[in-house]
Amino acid sequence: MGGWAIAVHGGAGVDPNLPLERQEEARQLLTRCLNIGISALRSSLSPIDVVELVIRELESDPLFNSGRGSALTAKGTVEMEASIMDGVGRRCGAVSGLTTVKNPISLARLVMDKSPHSYLAFSGAEEFAKQQGVEMVDNDYFITEDNLGMLKLAKEANSIIFDYRIPLTGSDICEKAADAPPLMMNGLPISVYAQETVGCVVVDGQGRCAAGTSTGGLMNKMSGRIGDSPLIGSGTYACDVCAVSCTGEGEAIIRGTLARDVAAVMEYKGLGLQEAVDFVIERRLDGGGQAGLIAVSSKGEVVCGFNSVGMFRGCATEDGFMEVGIWD
């Protein structure tokens, strides 16, 4: 085995005009989360525990689109989703439609550990959360002024918005849409594109892998929409050879079963982790889909791959390597 490795992401697809101070805030958060994960791994915490710990930190900070700071539905509410998977035995848990659970990733973990099921959603997930005694908060806790402003812009533009807290006016957003070729999702046009889903993948020194992903979804999304993040095999996957967390255009990730495909080409084609990630990014995103992913292998390798304009990401390995980046 090659020792432990960890990677985190804060979403693929970044507006090239993102202010420098916001770029720095993102780098600082990713660095803090990496250091939390590194300390936990050095303390021999299990990979699944490290994944949950790191994603809880990301969910508690409003900078990215998960937990507090989640994107708003067309109704102005928050509907969050998350999944977690332990490569040991391919155990998994997932949740969708959460409105009052402070840390969705922890409820996904409880679905895996404390229920006979793999996936709970909406009222059923909320009721399970109450039964398990997890921390609950009012929906207002998750809503930020930035996101209220972005929802207003989205409604004025009559569009779904994927945006990294860019301070745009209504006219700015229309000019951006007019100047750029139209982006499509499931055959329908969308406007500004920049996801912020968070995720973490971990392998320990024994080669045990785990992965998790958490998101608030799309700004101005239809109530009830479920993306790739809680879907095992699409947004999240872990097995005995690797662990993967995806981010980007959810509908394209779902169609391509991106996370599982990384493991599949390693298992069936004998590809290494870097080759597998490259293959999936290049060959499995049909219709011009934009996405990214982070992955670790049981050998201690770590890889980040994306075809979008940037991805918020960071990774570290036991031999001292550590990197945090946004652009190519």
task = Scan for salt bridge (charged side-chain N to carboxylate O under 4.0 Å, His left out) pairs involving residues 100-112, sequence neighbours excluded, and state none if there are none.
result = D49-R109, E52-R109, K102-E135, R109-D113

inquiry  = Working note: T215 + T197, criterion side chain to side chain donor-acceptor pair (under 3.5 Å); need CA distance, chi angles, decisive distance, verdict.
reply    = CA-CA 5 Å; T215 189; T197 294; 2.9 Å; yes

inquiry  = Test side-chain contact (heavy atoms from CB on, under 4.5 Å) on M219 and N147; report intermediate values, then the result.
reply    = CA-CA 8 Å; M219 184 64 68; N147 277 350; 3.4 Å; yes

task = Any chance you could lay out the side chain to side chain donor-acceptor pair (under 3.5 Å) test for E126 and T100, step after step, and finish with the verdict?
result = CA-CA 7 Å; E126 296 272 337; T100 62; 2.4 Å; yes

Lys/Arg N to Asp/Glu carboxylate O, R68 vs D61, below 4.0 Å = no

Can you tell me how far [atom2] of [Y] sits from [atom1] of [X], rounded to the nearest 0.5 angstrom?
X	Y	atom1	atom2	answer
D138	M136	CG	CE	10.0 Å
C200	I294	SG	CD1	6.0 Å
D204	I48	CG	CD1	11.5 Å
N220	L72	CG	CG	9.0 Å
L58	R32	CG	CZ	8.5 Å

Would you kindly say whether [X] and [Y] are connected by a side-chain donor-acceptor distance under 3.5 Å?
X	Y	value
S234	R260	no
T317	D319	yes
T213	S245	yes
S96	E79	no
S83	T236	yes

With heavy-atom distances below 4.5 Å as the criterion, would you say the side chains of [X] and [Y] are in contact?
X	Y	value
S214	E81	no
V324	F312	no
V95	L98	yes

message = Within a 6.0 Å radius of atom CD on E24, are there more than 12 heavy atoms belonging to other residues, nucleotides or ligands?
response = yes

message = My understanding is that a hydrophobic cluster links ILVMFWY residues whose side chain heavy atoms are under 4.5 Å apart, including indirect links. Using that, what else belongs to the cluster containing V262?
response = V244, I253, L258, V265, M266, L271, L273, V277, F279, V280, I281, L285, L293, V303

